[in-house]
Structures are given as C-alpha cells and as structure tokens.
Protein chains: 2
Amino acid sequence: MNIGEIARRAGVSRSTVSYALSGKRAVSEDTRRKIQRVIDELGYRPNASARALANGRTNTIGLVFPPAGNHYTGMQLDFIGSVVEAAAAHDYDVLLSPSGVDSDRSFQRLLGERRVDGAILMEIRLEDDRVDHLAALGFPSVAIGRTAHPEGTWWVGLDHTALAAACVHHLADLGHRRVAFVNRPAQLLRAGYESAHRGLDGFTKAAAERGLTVRTYCCGDDAASGQECLERILHDDPATSALVTLNEAALGGLYRGLAQAGRHVPRDFSVTGVVAGRWAETVTPQLTAADVPAEEMGRHAVDLLVERIDQPDAPPRHHLLTPPISLRASTGPGPGTASVDAP
Amino acid sequence: MNIGEIARRAGVSRSTVSYALSGKRAVSEDTRRKIQRVIDELGYRPNASARALANGRTNTIGLVFPPAGNHYTGMQLDFIGSVVEAAAAHDYDVLLSPSGVDSDRSFQRLLGERRVDGAILMEIRLEDDRVDHLAALGFPSVAIGRTAHPEGTWWVGLDHTALAAACVHHLADLGHRRVAFVNRPAQLLRAGYESAHRGLDGFTKAAAERGLTVRTYCCGDDAASGQECLERILHDDPATSALVTLNEAALGGLYRGLAQAGRHVPRDFSVTGVVAGRWAETVTPQLTAADVPAEEMGRHAVDLLVERIDQPDAPPRHHLLTPPISLRASTGPGPGTASVDAP
DNA sequence: CACTTCACGCGAACCGGTTCGATAACTGGT
DNA sequence: ACCAGTTATCGAACCGGTTCGCGTGAAGTG
C-alpha cells in the first residue's frame with residue numbers, strides 16, 4: 001500500500017505515479033487513468049510522514065494554548081473550534097500544544113522537531129518570550145493578542161483598551177459614578193497578560209476622564225471566586241453601582257453574589273464587560289457586553305498564518321478588532337438618575 | 001542541523017549518533033559525551049517526520065471531535081484539555097480532527113495518510129459507522145461513549161441510563177409527580193447519539209417505574225432554545241414541577257425561562273440533570289446534577305488508547321463511569337409535599 | 001601465543017514519498 | 001531522410017532518521 005506497490009500494479013515507475021498525483025509534470029491520459037484505477041481499487045493514500053519529510057512541509061499548524069491548570073473559558077473553546085475549521089479549509093491539520101509549566105519542552109517538540117509549519121499563540125503577554133523566541137528564529141507564527149512592541153510581528157488581537165473604555169463610557173453615560181473592575185486572576189496580571197493589562201489600562205484612563213470613582217479587583221477564573229469578589233466589592237464600597245469584567249468564567253459567580261446581596265440587575269446594579277456573545281446570552285439577565293468575536297479571530301489567525309507560511313518574506317500583517325457593545329439587559333440607569341418611569 | 005551534521009562534527013557515523021540518542025546499543029561514555037556536547041551546542045532535535053517515517057510511529061493521537069456547527073459545551077472543552085494533558089504525559093501530541101459534514105475526508109487524512117497512531121472518537125452514536133470502520137481496520141481507537149454493541153471495542157463512557165434514572169429517583173423522592181426531560185437537539189437524537197438515547201431511555205423507564213407523568217423535549221444547544229423549550233414545557237403542562245436535562249448549553253436558557261415564568265428555583269420548580277461540575281456551579285441557584293467527570297474520562301481514554309497502541313493484541317477494555325449526583329441548590333420538595341417550613 | 005569473546009563503531013539498506021536529469025518515442029518542417 | 005522540439009516515462013538521488021550485519025581492536029582464556 002505504498003507508492004511503489006501502486007507503480008508496480010499499474011506497470012509504471014514510482015515517479016510517474018507521483019507526477020500523476022501531483023500534476024507537476026504531464027502524464028498521458030491513458031496512464032493517469034490506469035494509475036487512478038489501481039489507486040481506487042486499493043484505497044491508496046500517500047503517507048503523510050514521508051511526504052512531509054520529502055518536501056519539508058507537514059501541513060500542520062500548532063495551536064499553543066494555555067495550560068489546563070487555568071480554567072478554559074468559552075471564548076477559548078469557540079476560538080479553538082474556528083481555528084480547526086479554518087485550517088481544514090486551507091488543508092491544514094491542527095496540533096494542540098499545551099504551553100504548560102514546561103513550555104520549553106512543548107515548544108521544542110513543535111518547532112525543534114519540525115512537527116508544524118507554523119504556530120498560533122494564545123494568551124499573549126506584554127513581554128512574551130515565546131513571541132520573541134519565534135521572531136528570532138523567523139518561524140512563522142501569529143499571536144492572539146499583541147505584545148508591548150508588536151511592530152514587525154504578526155498578530156490578531158482585540159483592542160482591550162478601547163473595549164474597556166467603551167464599557168466605562170457606557171456606564172458613565174447611564175449615570176454611574178462608582179464602578180468596579182473585575183480583572184483576570186492576579187497571577188495572570190502579574191505575569192503580564194495582555195488582555196488583563198490593556199483592559200485595566202483602558203478602564204482606568206476612561207474612568208479618570210469621566211471622573212468616576214473606581215476600584216479594581218483581580219478574580220479567579222471560576223464561579224466561586226466571582227461570588228467572593230463581588231462580596232469584596234460591596235464590602236469595600238457599598239455604594240458601587242456597576243462593574244466591568246473581563247472575566248468570563250467568573251460572570252456566573254458575580255451574578256450570584258449580586259443576587260445574594262439583594263441587588264437586582266439592572267435596577268440596582270449594572271454589569272458589563274468583554275465576553276463571548278454566546279456566553280453573554282447564557283446568563284440572566286443577558287449581559288450587555290462587547291462580544292468577543294472568537295470565530296472571526298480564529299479565521300483571521302489561520303489566514304494570516306497560512307499567508308505567512310506560503311510567503312516567508314511577506315511584510316508583517318495584523319488585525320485589531322474592536323467589536324461594538326451589544327446592548328442586552330444587564331445595564332440600566334445609575335443611582336440618582338432621573339428615569340422615565342420614575343415618579 | 002540534521003543527524004549527519006552532528007555526526008560529522010562529532011567525528012562519528014550517523015548510526016552512532018542515533019544509537020547514542022536512543023540507547024538501543026551500547027556507546028562508549030567518551031563518544032556519547034562528545035556527541036552530546038555537539039548536540040547541546042547546536043540545539044539539535046531529531047526531525048519528527050523522518051523519525052515517524054523510519055519507525056512507523058508518529059507519536060500523535062487524533063481527537064475526532066464534533067463539527068463546529070454544533071455549539072461546543074463546557075464538558076467538551078474540559079475533555080479536550082484533559083486529553084491533551086494526558087497525552088503529553090505519555091509523550092504524545094494531539095491532532096484535532098473535525099468530524100464535520102465530510103467526515104470521510106478527515107478520516108482519510110488521519111488514518112489513510114497515517115498522521116496518527118490512534119484516535120479518540122467523541123460524540124458516539126448507537127450505530128456508529130466510524131467505530132465499525134475502525135474496528136474493521138483494526139486501527140487503535142477509543143470511543144467516548146458506547147455503541148449499541150460495544151462488545152469487543154475499546155471505550156470509556158458515562159452510564160447515561162443510570163444517571164438519568166438517578167435524576168428521576170431524586171425528583172420522585174422529593175415528591176415531584178410531573179417531570180419534563182430536556183434532551184439534546186432533535187437532529188442529534190435522530191442521528192442516534194448515544195447520550196441522547198440512553199439518557200432518554202433511563203429517564204423514561206425510571207419515570208414509569210415511579211409512576212410519574214412525563215413529557216420529553218428536544219432542545220437546541222443554546223440559551224435561546226432553552227428558554228423557548230421551557231416555555232413549551234409550561235405551556236404543554238403548567239403543572240410540571242421539575243425537569244431533568246442533558247443539555248448543558250441550554251441550561252442558562254431554561255433558568256431564564258423559569259425566571260420569566262415567575263417560577264422560583266427550587267421553591268416552585270426543581271432542575272437537575274447531567275452537566276459538567278464546573279458549569280453546574282456557574283448558574284444560580286447552583287445545579288444539583290450528576291457531574292460529568294470530563295477530566296477523568298479524558299485521562300482514561302488516553303491511557304486506554306496508549307495501552308492499545310503499545311500492545312495491539314490486548315483484549316478490549318473499557319470504563320463505564322457513574323458519577324453520583326452532587327446535591328446543590330436547584331432541587332427541592334415537590335408541590336403538595338408537607339415541608340418543614342410549611343404553615 | 002593462538003583463540004574466543006566482547007565492546008564499539010561503521011557502512012549500507014530501508015522507511016515512502018518528491019524531484020531532477022536523461023532517454024526514448026513521436027511530431028512537424030525542410 | 002534528417003534534425004529540432006515536444007511529450008511521456010524512467011532511474012537515481014535525496015529528505016533525515018533507524019536498524020541490521022560486519023569488522024576491528026582490546027580484553028580474557030587455556
């Protein structure tokens with residue numbers, strides 16, 4: 001069931017079979033048919049490893065995703081799915097690689113052993129040695145998120161600064177004056193995660209601009225942490241009337257905390273943030289939020305990566321996305337605001 | 001940066017380098033050190049494709065997961081994560097393969113082209129041609145879920161029959177008499193998805209045993225469908241006082257539907273089902289449910305698969321898991337039940 | 001001192017493809 | 001009838017590893 005066997009049965013040489021399949025040289029219609037018949041009979045498919053060895057291409061891209069220790073968020077899931085789909089459209093497979101504790105090891109596997117033609121990096125940090133490393137090697141890669149110095153690199157990212165600011169403005173417009181910010185876990189912030197930093201930045205600046213009183217919190221990636229965080233918020237400043245969150249996994253816990261504190265959303269308290277649309281619609285009331293376009297990001301990332309693999313000298317490209325805030329049901333007028341149905 | 005280059009610089013033959021690395025033949029301590037030094041200097045790593053070609057092993061397992069058209073559930077996410085992690089522990093990579101519309105094509109990629117040494121199949125159907133196909137080929141694979149005739153195949157599954165029955169008994173014990181069942185989408189049931197069928201079965205039989213009045217529903221994998229499904233339930237029988245669901249993605253919608261119908265959980269209405277623990281804790285009130293042990297299943301699946309790859313003649317093995325119901329806050333006494341705090 | 005034994009290292013063949021250069025069989029022009 | 005130019009095919013080399021069989025020199029033995 002290898003190319004030699006096909007050649008033998010079709011009465012031609014191995015190279016002729018190869019050319020008949022690839023079409024890189026002319027093969028007479030006669031022999032092509034003869035070869036095709038044998039192939040169909042035997043159900044032959046060329047061996048991927050041999051092909052990869054011969055032409056230096058594995059037709060596989062690596063998806064370097066955060067370690068399982070972190071809880072995965074719905075957004076990441078959607079993203080992975082769309083990457084796989086987009087890759088299939090380009091005839092690429094996707095190899096998952098955990099960038100765990102021992103991120104060097106899996107990196108060596110992917111790149112050193114040439115398992116993949118390129119890589120997509122998730123959960124970028126502002127100073128990311130992985131990005132620097134790949135850039136130094138000239139290895140085709142696309143980052144999901146941008147580092148502090150993204151010039152000259154390929155990436156697709158969300159404008160977290162602008163999104164967090166948009167949330168602040170939305171709340172300020174509604175009359176909220178005391179607003180909390182619920183960030184990703186402290187360890188991620190310390191590690192320099194891009195979304196956590198830029199989001200915090202955008203929030204802080206916009207809040208200052210609007211003269212809001214704010215407090216910022218880090219919160220674990222799970223419901224229990226969310227609930228606990230909300231208790232802290234109300235304890236620190238009971239007059240807080242709204243929050244902005246980047247932490248999708250904590251959302252359910254935040255809502256529960258509000259319910260237990262007897263604050264009705266959106267009458268007594270407004271919630272907004274940056275969350276995958278599908279998950280914003282899962283909670284009640286549905287979350288007014290900047291919907292993370294995970295599918296679009298996955299598609300873009302693959303398109304860029306494939307482009308880069310095909311033309312190694314192409315100039316760097318990127319996509320910076322700024323999805324609008326989808327108005328749903330979790331935000332309302334702030335305290336002391338004259339509202340249409342007030343007496 | 002290939003093995004020949006290493007050999008040249010170390011002043012030995014290629015085979016010696018190979019043996020020094022694999023340890024399959026003795027190499028003197030002297031030359032081993034010499035070789036190692038060169039390798040360290042150059043950062044050499046053996047090419048995975050070449051190695052795979054030579055020894056017929058790719059050290060990669062395929063994860064055949066449902067098409068993106070379906071919405072992914074949290075359980076699937078946890079599962080994928082744990083598979084990747086467990087595979088890494090066995091020194092295997094994980095290749096994702098969408099078993100989309102054109103499932104044949106990706107199957108051919110994985111198996112025909114020998115990209116993987118074995119495969120894990122998700123979302124099994126009672127009559128699953130993929131399983132039959134792999135069994136016929138003798139290709140190492142482990143199914144997540146069991147077909148109608150699982151004898152002689154390798155699988156790890158959840159006892160959906162028992163779990164759904166346990167939910168019914170739990171509700172019946174609490175005094176509920178009119179109970180609804182919210183299944184996965186109709187198209188999946190028609191397609192013969194194992195969990196949908198066995199769950200429905202277990203529910204129906206247990207309900208008959210306990211003499212309950214039941215209605216069963218199919219529901220899309222998203223919040224909007226969940227809400228709509230709940231409206232249908234209350235419309236069809238307003239006296240319904242509890243539901244059992246297998247549909248994790250619809251859970252948020254079901255809760256919303258209840259809230260909008262003015263039914264308080266668990267006072268007026270009880271909700272339970274089979275859901276990944278992490279997601280059961282996200283909703284408010286937290287869901288009393290049989291927690292899907294996704295991580296454990298991922299680990300088991302990988303362990304079985306690796307075992308099967310290593311010893312092709314080993315007798316079939318499987319794991320059938322029946323996690324207990326975790327009592328949380330979404331179920332309470334049924335209507336007409338004397339309760340401690342009743343007047 | 002000749003004779004086995006053993007540790008060590010080498011060369012060649014092989015895994016299954018791709019690709020280059022050469023050759024042979026036709027074609028058409030003069 | 002001869003030469004240039006196609007067109008279709010073949011053989012050999014190569015990609016970068018692994019593995020088998022053999023040769024060599026040193027150590028062990030009677």
Side-chain angles (χ1 to χ4, degrees), chain A residues 1-39 42-60 91 93 108-117, chain B residues 1-39 42-60 91 93 108-117:
Chain A
M1 50 297 269
N2 56 25
I3 202 175
E5 182 69 14
I6 303 296
R8 218 175 43 69
R9 301 211 188 198
V12 298
S13 76
R14 303 198 305 150
S15 51
T16 302
V17 175
S18 178
Y19 286 124
L21 284 174
S22 69
K24 295 194 179 174
R25 274 199 196 175
V27 171
S28 76
E29 198 45 39
D30 248 27
T31 59
R32 152 166 286 132
R33 261 199 299 273
K34 213 163 35 181
I35 291 171
Q36 192 58 51
R37 179 160 47 240
V38 176
I39 286 179
L42 272 65
Y44 163 78
R45 307 233 69 200
N47 180 302
S49 302
R51 180 176 279 184
L53 176 58
N55 54 27
R57 286 283 214 89
T58 59
N59 259 258
T60 302
D91 212 47
D93 284 329
Q108 281 302 328
R109 264 187 96 92
L110 283 190
L111 313 192
E113 303 181 7
R114 315 220 108 77
R115 262 170 229 274
V116 301
D117 298 334
Chain B
M1 51 294 271
N2 57 26
I3 201 173
E5 183 68 15
I6 302 296
R8 219 175 43 69
R9 301 210 187 198
V12 298
S13 75
R14 303 198 305 150
S15 52
T16 302
V17 175
S18 178
Y19 286 125
L21 283 175
S22 69
K24 295 193 179 173
R25 273 199 195 173
V27 170
S28 75
E29 198 44 40
D30 247 27
T31 60
R32 152 166 287 132
R33 261 201 298 273
K34 211 162 40 180
I35 291 171
Q36 193 57 51
R37 180 161 45 238
V38 177
I39 287 179
L42 272 65
Y44 163 78
R45 307 234 70 199
N47 180 302
S49 302
R51 178 177 279 181
L53 176 59
N55 55 26
R57 285 282 214 88
T58 60
N59 259 259
T60 302
D91 212 45
D93 283 329
Q108 281 301 329
R109 263 186 97 90
L110 282 189
L111 313 191
E113 304 182 6
R114 313 222 111 77
R115 262 170 230 274
V116 301
D117 298 334

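All of these numbers come straight from a predicted model, not from anything done at the bench.
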Protein N or O to nucleotides 24-26 of chain C N or O, pairs below 3.5 Å:
none

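Side-chain contact check for A:N47 versus A:M1: every heavy-atom pair is 4.5 Å or farther apart. Between B:L42 and B:R9, the closest side-chain pair of non-hydrogen atoms falls below 4.5 Å. With a 4.5 Å cut-off on side-chain heavy atoms, A:R32 and A:E29 count as touching. Within the 4.5 Å cutoff, side-chain heavy atoms of B:N55 are placed close to those of B:R51.
A donor and an acceptor atom, one from each side chain of A:D117 and A:T58, are located under 3.5 Å apart. Using a 3.5 Å distance cut-off with no hydrogens or angles, the side chains of B:S15 and B:S18 do not pair a donor with an acceptor.
Nucleotides of DNA chain D nearest to B:S49 and B:K24 differ in position, and the one nearer the 5' end is that of B:S49.
For DNA chain C, none of the residues of residues 27-36 of chain A falls under the heavy-atom distance limit of 4.0 Å. Contacts between residues 13-23 of chain B and DNA chain D, counted as heavy-atom distances below 4.0 Å, involve B:R14, B:S15, B:S18, B:Y19.
Separating the CD atom in B:E113 from the OH atom in A:Y44 is a distance of 9.5 Å, to the nearest 0.5 Å.
Protein atom CZ of A:R51 is 14 Å distant from nucleotide atom C1' of C:dT19, rounded to whole Å. One interatomic measurement links the two molecules: CZ of A:R25 to C1' of C:dT19, which rounds to 7 Å at whole-angstrom precision.
Checked against side chain to side chain donor-acceptor pair (under 3.5 Å), A:N59 has no partners two or more places apart in sequence or in another chain.
Across all strands, A:A26 comes closer than 4.0 Å to base atoms (heavy-atom distances).
Under a cut-off of 6.0 angstrom, the local environment of CZ in A:R114 is sparse, with at most 12 non-hydrogen atoms contributed by other residues, nucleotides or ligands. Heavy-atom neighbours of A:R45 CZ from other residues, nucleotides or ligands within 6.0 Å: above the threshold of 12.
A donor-acceptor pair under 3.5 Å is absent between the side-chain atoms of A:R115 and the main chain of A:Q108, judged by distance alone. The closest donor-acceptor contact from the side chain of B:R25 to the backbone of B:Y19 lies at 3.5 Å or more, if one exists at all.
Taking 4.0 Å as the cutoff to heavy atoms of chain A, we find the contact window on DNA chain D bounded by D:dA8 to D:dG16.
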Evaluate side-chain contact (heavy atoms from CB on, under 4.5 Å) for A:N2 paired with A:R14, printing each intermediate quantity in order. CA-CA 10 Å; A:N2 56 25; A:R14 303 198 305 150; over 6 Å; no
Stepwise side-chain contact (heavy atoms from CB on, under 4.5 Å) test for A:I39 and A:L21: CA-CA 10 Å; A:I39 286 179; A:L21 284 174; 3.8 Å; yes
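Minimum interatomic distance between B:A52 and A:S49 (heavy atoms only, all atoms of both residues): CB-OG, 3.4 Å.
Note that the two end axes of the helix from C:dT4-D:dA27 to C:dT30-D:dA1 enclose an angle of 60°, each drawn from 5 base pairs, rounded to 10 degrees.
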